[in-house]
Amino acid sequence: MSVPAFGLGTFRLQGQVVIDSVSTGLELGYRVIDTAQIYDNEADIGQAIAASGIAREELFITSKIWVANFAKDQLIASLKDSLHKLKTDYLDLTLIHWPSPENQVPVHEFMGALLEAKALGLTRQIGVSNFTVDLMQQAIDAVGAHNIATNQVELHPYLQNHKVVEFAQRQGIQITSYMTLAYGEVLKDPLIQQIAERHRATAAQVTLAWAMQLGYAVIPSSTRRANLDSNLAARDLTLSAADMALIAGLERGQRLTSPKGIAPDWD
């Protein structure tokens, strides 16, 4: 896979909270960090990474370009600013965070600028986030599917995003699942809990393992050391075909994030 299967998310974490989360994660063995310009925590993450002493080549760092920076003359400058904050010369993956509101900046323009950033060595891979099938096709038309490493989308047992997943996989584009634990909602699900009991695992480990077994990358976040440590064990959990089928049956189209004025017309 072009994107590592397991990483650390940092959405909604800022200041000392994100510094502590990333520092603890790196200490426990996390090597994949996911952030975004709009999270306003890139400088804090850069500080945590620098203090860790871990060599840059051991890390996989992802950030996302915010919609205000999509114009061709702004995108690369904003990416360089992100690199400065993160104290690195390059990103491993740079994503378009959301589609351009009302198509103010055409897909071909910002994808072209992102591909130029890759050619300049500012990022090793590029991709998209929150893209529908139609938007993915536009991105493919602009830069080719081989240049799109992933589509990072909300995906959890209650929103399995089948149309987007199937299209992406046909094109060889990896899916990264965010909100895999549905803000903790799926951890309360009786079926998930029953599967967890059978495996002597946690509900979080079961849910993360389910997503990874489907081929998705996951980026759970936590501010608690115990949870950060426990989540790592999801990599070693294998669910049965029966377990996977039961979780598949939890689909109910429950979307948790759809910001007004930015979100596309979802599939």
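Index from 1, following the sequence.
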query: Looking at side-chain heavy atoms only, is the closest gap between Thr24 and Val22 below 4.5 Å?
result: no
message: Could you check whether any side-chain heavy atom of Leu86 comes within less than 4.5 Å of a side-chain heavy atom of Ile33, counting everything from C-beta outward?
response: no
field: Any pair counted as side-chain hydrogen bond (donor to acceptor under 3.5 Å, both in side chains), so long as it reaches residues 90-102, sequence neighbours left out
entry: Arg56-Asp92, Thr94-Thr123
- request: May I have the step-by-step check of side-chain contact (heavy atoms from CB on, under 4.5 Å) for Phe60 and Gln125, ending in yes or no?
  value: CA-CA 11 Å; Phe60 189 101; Gln125 298 183 81; 3.7 Å; yes
- prompt: Considering only heavy atoms from C-beta outward, does the side chain of Gln137 approach that of Phe167 to under 4.5 Å?
  reply: yes
Let me check something: any side-chain donor-acceptor pairs from residues 198-206 under 3.5 Å, sequence neighbours excluded? List them with distances.
residue, atom, partner, partner atom, Å
Arg198, NH2, Asp243, OD1, 2.9
His199, NE2, Asp243, OD2, 2.7
Thr202, OG1, Gln205, N, 3.0
Gln205, OE1, Thr202, N, 3.0
Gln205, NE2, Ser230, O, 2.9
Gln205, NE2, Ser230, OG, 3.0

message: Using 0.5 Å steps for rounding, measure from the CE atom of Met212 to the CG atom of Leu239.
response: 9.5 Å
Among Ile173, Leu95, Ile96, Ile126, the one residue meeting side chain to side chain contact (heavy atoms under 4.5 Å, CB included) with Ile148: Ile173
field: Where Pro101 and Gly261 come nearest, the two heavy atoms and their spacing
entry: CB-O, 3.3 Å
task: Only counting residues at least two apart or in another chain, list the ones meeting side chain to side chain donor-acceptor pair (under 3.5 Å) with Arg252.
output: Gln254
message: Rounded to the nearest 0.5 Å, what separates atom CD1 in Ile192 from atom CH2 in Trp210?
response: 8.0 Å
message: With a 4.5 Å cut-off on side-chain heavy atoms, are Arg124 and Leu91 touching?
response: no
field: Working for side chain to side chain donor-acceptor pair (under 3.5 Å), residues Trp266 and Thr132
entry: CA-CA 6 Å; Trp266 300 113; Thr132 60; over 6 Å; no
query: Do Leu159 and Leu256 come close enough that some side-chain heavy atom pair is under 4.5 Å?
result: no
query: Atom CE of Met179 and atom OG of Ser177: how far apart are they, to the nearest 0.5 Å?
result: 10.0 Å
- prompt: Does Ser129 reach the main-chain N or O of Gln152 with its side chain, forming a donor-acceptor pair under 3.5 Å?
  reply: yes
statement: Sequence neighbours excluded, the answer for side chain to side chain donor-acceptor pair (under 3.5 Å) partners of Asp134 is Gln138
statement: Rounded to the nearest 0.5 angstrom, the OG1-CG distance for Thr176 and Asp34 is 8.0 Å
task: In sequence, state the C-alpha distance, the side-chain angles, and the governing distance for Leu59 and Leu26, and then conclude on side-chain contact (heavy atoms from CB on, under 4.5 Å).
output: CA-CA 9 Å; Leu59 301 171; Leu26 293 172; 3.8 Å; yes
Show me the donor-acceptor pairs, under 3.5 Å and distance only, between side chains in residues 36-55 and residues at least two apart or in other chains.
residue, atom, partner, partner atom, Å
Gln37, OE1, Trp66, N, 2.8
Gln37, OE1, Asn69, ND2, 2.9
Gln37, NE2, Ser78, O, 3.3
Gln37, NE2, Ser78, OG, 3.1
Gln37, NE2, Ser82, OG, 3.2
Tyr39, OH, Lys64, NZ, 3.2
Asn41, OD1, Thr35, OG1, 2.5
Asn41, ND2, Thr10, O, 3.1
Asn41, ND2, Thr10, OG1, 3.4
Asn41, ND2, Leu13, O, 2.8
Glu42, OE1, Ser82, OG, 3.1
Glu42, OE2, Ser63, OG, 2.6
Glu42, OE2, Ser82, OG, 2.9
Asp44, OD2, Gly15, N, 2.9
Ser52, OG, Ile49, O, 2.6
Ser52, OG, Ile54, N, 3.1

field: Verdict with supporting geometry, Ile175 and Val164, side-chain contact (heavy atoms from CB on, under 4.5 Å)
entry: CA-CA 9 Å; Ile175 289 290; Val164 166; 4.2 Å; yes
message: Looking at every heavy atom in both Ala217 and Gln174, which two are closest together, and how far apart are they?
response: CB-NE2, 3.7 Å
- line: Across all chains, not counting sequence neighbours, the side chain to side chain donor-acceptor pair (under 3.5 Å) partners of Glu27 are Arg225
message: Which heavy atom of Ala234 sits nearest to which heavy atom of Leu208, and what is that distance?
response: CB-CB, 3.7 Å
- request: With side chain to side chain donor-acceptor pair (under 3.5 Å) as the test, would you mind laying out the steps for Asp189 and Tyr158 before giving the verdict?
  value: CA-CA 10 Å; Asp189 191 282; Tyr158 296 156; 2.5 Å; yes
field: From Lys80 atom NZ to Leu122 atom CG, the distance as rounded to the nearest 0.5 Å
entry: 6.0 Å
field: Within residues 162-171 or reaching into it, pairs that qualify as side-chain hydrogen bond (donor to acceptor under 3.5 Å, both in side chains) - sequence neighbours excluded
entry: none
- request: Would you check, one step at a time, whether the test side-chain contact (heavy atoms from CB on, under 4.5 Å) holds for Asn231 with Tyr30?
  value: CA-CA 10 Å; Asn231 287 347; Tyr30 286 80; 3.8 Å; yes
query: Hey, quick one: are Val153 and Val165 part of the same hydrophobic cluster, counting side-chain heavy atoms closer than 4.5 Å, chains of contacts allowed?
result: yes
- request: Tell me, please, which residues at least two apart from Arg224 pass side-chain contact (heavy atoms from CB on, under 4.5 Å).
  value: Ser222, Asn227
field: Any residue meeting side-chain contact (heavy atoms from CB on, under 4.5 Å) with Asp20, in chain and number order, not counting sequence neighbours
entry: Gln16
task: List in chain and number order the residues that pass salt bridge (Lys or Arg N to Asp or Glu O under 4.0 Å) with Glu58, two or more places apart in sequence or in another chain; answer none if no residue qualifies.
output: Arg31
query: How many angstroms lie between atom OG1 of Thr207 and atom CD1 of Ile195, to the nearest 0.5 angstrom?
result: 8.5 Å
task: Examine distances only and state if a side-chain atom of Glu154 and a backbone atom of Thr257 form a donor-acceptor pair shorter than 3.5 Å.
output: yes
message: I'd like to check the side chain to side chain donor-acceptor pair (under 3.5 Å) partners of Gln160; sequence neighbours left out, ordered by chain and number.
response: none
task: Please name the pair of heavy atoms, one in Pro157 and one in Thr180, separated by the smallest distance, quoted to 0.1 Å.
output: CD-O, 3.7 Å
- prompt: If we only count heavy atoms from C-beta on, is the Leu135 to Val128 side-chain gap below 4.5 Å?
  reply: no
- prompt: Which pair of non-hydrogen atoms, one from Tyr178 and one from Ile219, has the smallest distance, and what is that distance?
  reply: CB-CD1, 4.2 Å
Residue pair Glu251 / Asn161: nearest heavy atoms and the distance that separates them: OE1-N, 4.0 Å
Side-chain donor-acceptor pairs under 3.5 Å in residues 103-118, sequence neighbours left out?
residue, atom, partner, partner atom, Å
Glu109, OE2, Lys72, N, 2.9
Lys118, NZ, Asn147, OD1, 3.2

